[in-house]
There are 2 protein chains.
Amino acid sequence: MKEFTGARVGCFCCLATGVPEPVALPESSGKAPEPTLSRLSFYLRSLRRLVKEGVKTISSAKMAGRCGVSAVQIRKDLSYFGEFGRPGIGYDVQHLLARLTEIMQLDHQHRVVIVGAGNLGSALAGYSGFVLSPFQVVGIFDNNFSKIGRRLWDLEILDAHHLPEVNRELRANIGMITVPADAAQEAADLLVKAGVRAILNFAPVMIVVPPDIALRNVDLTRELEVLCYYINRLPAPPE
Amino acid sequence: MKEFTGARVGCFCCLATGVPEPVALPESSGKAPEPTLSRLSFYLRSLRRLVKEGVKTISSAKMAGRCGVSAVQIRKDLSYFGEFGRPGIGYDVQHLLARLTEIMQLDHQHRVVIVGAGNLGSALAGYSGFVLSPFQVVGIFDNNFSKIGRRLWDLEILDAHHLPEVNRELRANIGMITVPADAAQEAADLLVKAGVRAILNFAPVMIVVPPDIALRNVDLTRELEVLCYYINRLPAPPE
DNA sequence: TAGATTGTTAATCGATTAACAATC
DNA sequence: TAGATTGTTAATCGATTAACAATC
């Protein structure tokens, strides 16, 4: 019977449990709960827009209105990482953006490899949201001979078995798994061998990785199934 | 300032808050927490495999081993919906599978439309995981004239503006949004007008829908950003 | 100074876990 | 009957929210 021992990051609705304590790193003295980290990413998105809008300063209350989160929640979330605001004034948008970007380690590029050059893998390889983002897809792999060697966007599909060696050159620190369920663990093992520090798994199956590898799951089927549960179980608008 | 009023289903890490109380439907007398529903989907996956393996009966403890969830958690989760096991024996796999399938409303087909025929939309339209599943993609829409009319798999890409009318024929009850962020709300409005009961949003932006429409978000960027936070913050293996 | 707003401590809420009586 | 295992009640844990002193 296989037990889960790998590091899983996030709530169970993301197919992950057991939030591991963040370990010494300048920014994280305390141990922020996972929901906080998830919201941090959301605040970042909001802050980036605020910068574009030319807003210089924002209060937690105004931010709350934009994010659909309470103002206390925001202040509490930020308090895990330091004091960023000024009483009576609010937060300097530029400054907060810079600090949160650092904390989330988004201040440097992350090189991503994709294992599985099917529909989803191909789509992700060409995801336009990655341009101007800290994420850069530097390689895509498959174990299907009919796919290996083919070009995809500006990449050549490489043999998944060579991933560990090839990544010495590619230097990717994040891997995305877009293979069928029964190949997902193998893909994960290859990524771990290749030395990635984080894995985003799209295969509809649990995978096991060492505890120092961050793992999150995106599970389309699960999302749809939970949606189905709520169909016709949600209260109608108050009218 | 736009406030969130729509129905959002799931924890914040799925970009959703405010779990609405499930309303009268035979199966749900109580109000199961959202994490429970998410796990239910997971138990279902496990049960389907057990059936294939020919396992007739399973205890919560054995199930726990397979799912990476505690046995009490499983029993508690199930208890929101009824008594499915026999003390001293365990659960009849077939029976539990059937009951959970009903509860999640997966005992009938769900027709899905996709708004956004870009990389991701196209990939989802051809997702092989949907064959033999209760989900069937019956239409794909876009508002880009260069795409409208083109064939994708066995579907023709239709004009998104016609979605509400076309869906009278298509009869989809689930919509997936795979358009860029700035078109997502418009897509959502069209889906609501078309009468879908549930929306899965892949656009990296919050959308607002009436409270009786179930909404979940899949947010690639957020997942990657949270992963980045954990990079080098996870404790190394105990060795 | 008065008003606004932060960061934090304490209270609340909700979900998970432990303990155990019921029952096959 | 004894052993296994369920379903549930009570205890625990963790995250959110309320209250408020500090400070711009």
Side-chain angles (χ1 to χ4, degrees), chain A residues 8-14 16-22 29-40 42-43 55-65 67-93 95-96 99-100, chain B residues 8-14 16-22 29-40 42-43 55-65 67-93 95-96 99-100:
Chain A
R8 271 162 294 138
V9 149
C11 72
F12 203 91
C13 90
C14 305
T17 51
V19 182
E21 241 126 333
S29 40
K31 57 277 113 234
E34 192 280 336
T36 291
L37 298 169
S38 190
R39 284 189 297 264
L40 244 42
F42 193 59
Y43 304 154
V55 178
K56 295 287 175 218
T57 300
I58 193 159
S59 68
S60 60
K62 289 229 188 69
M63 187 91 164
C67 294
V69 169
S70 77
V72 202
Q73 183 71 271
I74 293 177
R75 297 204 301 277
K76 181 71 171 175
D77 284 341
L78 297 178
S79 78
Y80 287 107
F81 300 98
E83 309 195 353
F84 305 109
R86 290 210 304 167
I89 310 289
Y91 300 89
D92 181 287
V93 173
H95 175 71
L96 186 57
R99 294 295 291 116
L100 291 189
Chain B
R8 270 161 296 138
V9 148
C11 71
F12 202 92
C13 89
C14 305
T17 51
V19 180
E21 239 125 334
S29 40
K31 57 279 110 233
E34 192 279 336
T36 291
L37 298 169
S38 189
R39 285 188 296 265
L40 244 42
F42 193 59
Y43 303 154
V55 178
K56 295 287 175 218
T57 300
I58 192 159
S59 67
S60 60
K62 289 229 188 72
M63 187 90 164
C67 294
V69 170
S70 76
V72 202
Q73 183 70 271
I74 293 177
R75 298 204 301 277
K76 181 70 171 175
D77 284 340
L78 297 178
S79 78
Y80 287 108
F81 300 98
E83 310 193 353
F84 305 108
R86 290 210 304 168
I89 310 290
Y91 300 89
D92 182 287
V93 173
H95 175 71
L96 185 56
R99 294 296 290 116
L100 291 190

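Every chain is numbered from 1, with letters handed out A, B, ... down the list of sequences. All heavy atoms count here, side chains included; hydrogens, waters and symmetry mates do not.
Side-chain N/O atoms of B/S70 include one lying less than 4.0 angstrom from OP1 or OP2 on C/dT17. A close approach under 4.0 Å does not occur between any side-chain nitrogen or oxygen of A/Y91 and OP1 or OP2 of C/dA4. Between B/Q73 and C/dT17, a side-chain N or O to OP1/OP2 separation shorter than 4.0 Å is present.
B/I74 has its CD1 atom 14 Å from the C1' atom of C/dT17, to the nearest Å. Residue B/K76 contributes atom NZ, which lies 13 Å from atom C1' of C/dA19 at whole-angstrom precision. Protein atom CD1 of A/I58 is 13 Å distant from nucleotide atom C1' of C/dT5, rounded to whole Å. The distance from atom OH of A/Y80 to atom P of D/dT16 is 7 Å, rounded to the nearest whole Å. Look at CG on A/D77: it is 14 Å from C1' on D/dG14, rounded to the nearest Å. Between the CZ atom of B/F84 and the C1' atom of D/dT6 there is a distance of 13 Å, given to the nearest Å. Between the C1' atom of C/dT6 and the CZ atom of A/F81 lies a distance of 18 Å, rounded to the nearest Å. D/dT9 atom C1' lies 13 Å from atom CZ of B/R75, rounded to whole Å.
Counting heavy atoms from C-beta on, the side chains of B/D92 and B/K56 never come closer than 4.5 Å. Using a 4.5 Å cut-off on side-chain heavy atoms (C-beta onward), B/L78 and B/L100 make contact.
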Given pairs defined as Watson-Crick or G-U wobble with both distances under 3.5 Å, what dot-bracket annotation applies to DNA chain D, with ( ) intrastrand, [ ] crossing, | other strand and . unpaired?
..||||||||||||||||||||||
Restricting to nitrogen or oxygen on both sides, can you table the protein-nucleotides 21-24 of chain D pairs closer than 3.5 Å?
unit_1, atom_1, unit_2, atom_2, d
D/dC24, O4', A/P87, O, 3.3
D/dC24, O3', A/R86, NH1, 3.1

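Under the rule for a side chain to side chain contact (heavy atoms under 4.5 Å, CB included), the partners of B/T57 that lie at least two apart in sequence or sit in another chain are B/I89. Qualifying side chain to side chain donor-acceptor pair (under 3.5 Å) partners for A/Y43, counting only residues two or more places apart in sequence or in other chains: A/D77.
Checked against C/dT8, D/dA15, C/dT16, the side chain of A/S79 finds its nearest nucleotide in C/dT8. Of the candidate nucleotides C/dT5, C/dA18, D/dT5, C/dA18 has the atom lying nearest to any side-chain atom of B/V72.
Residue A/P33 comes nearest to A/Y80 through the heavy atom pair CD-CZ, 3.3 Å, listed as atom of the first residue, atom of the second, then distance. Among all heavy-atom pairs drawn from B/S70 and B/A64, the shortest one is C-CB, 3.8 Å. Heavy-atom minimum distance, B/F42 versus B/C67: CE2-O, 3.1 Å. Shortest non-hydrogen contact noted between A/A32 and A/F81 is CB-CZ, 3.5 Å.
Rounded to the nearest 0.5 angstrom, A/K76 NZ and A/R39 CZ are separated by 11.0 Å.
Using a 4.0 Å heavy-atom distance criterion, B/S60 is classed as a sugar-phosphate-only contact.
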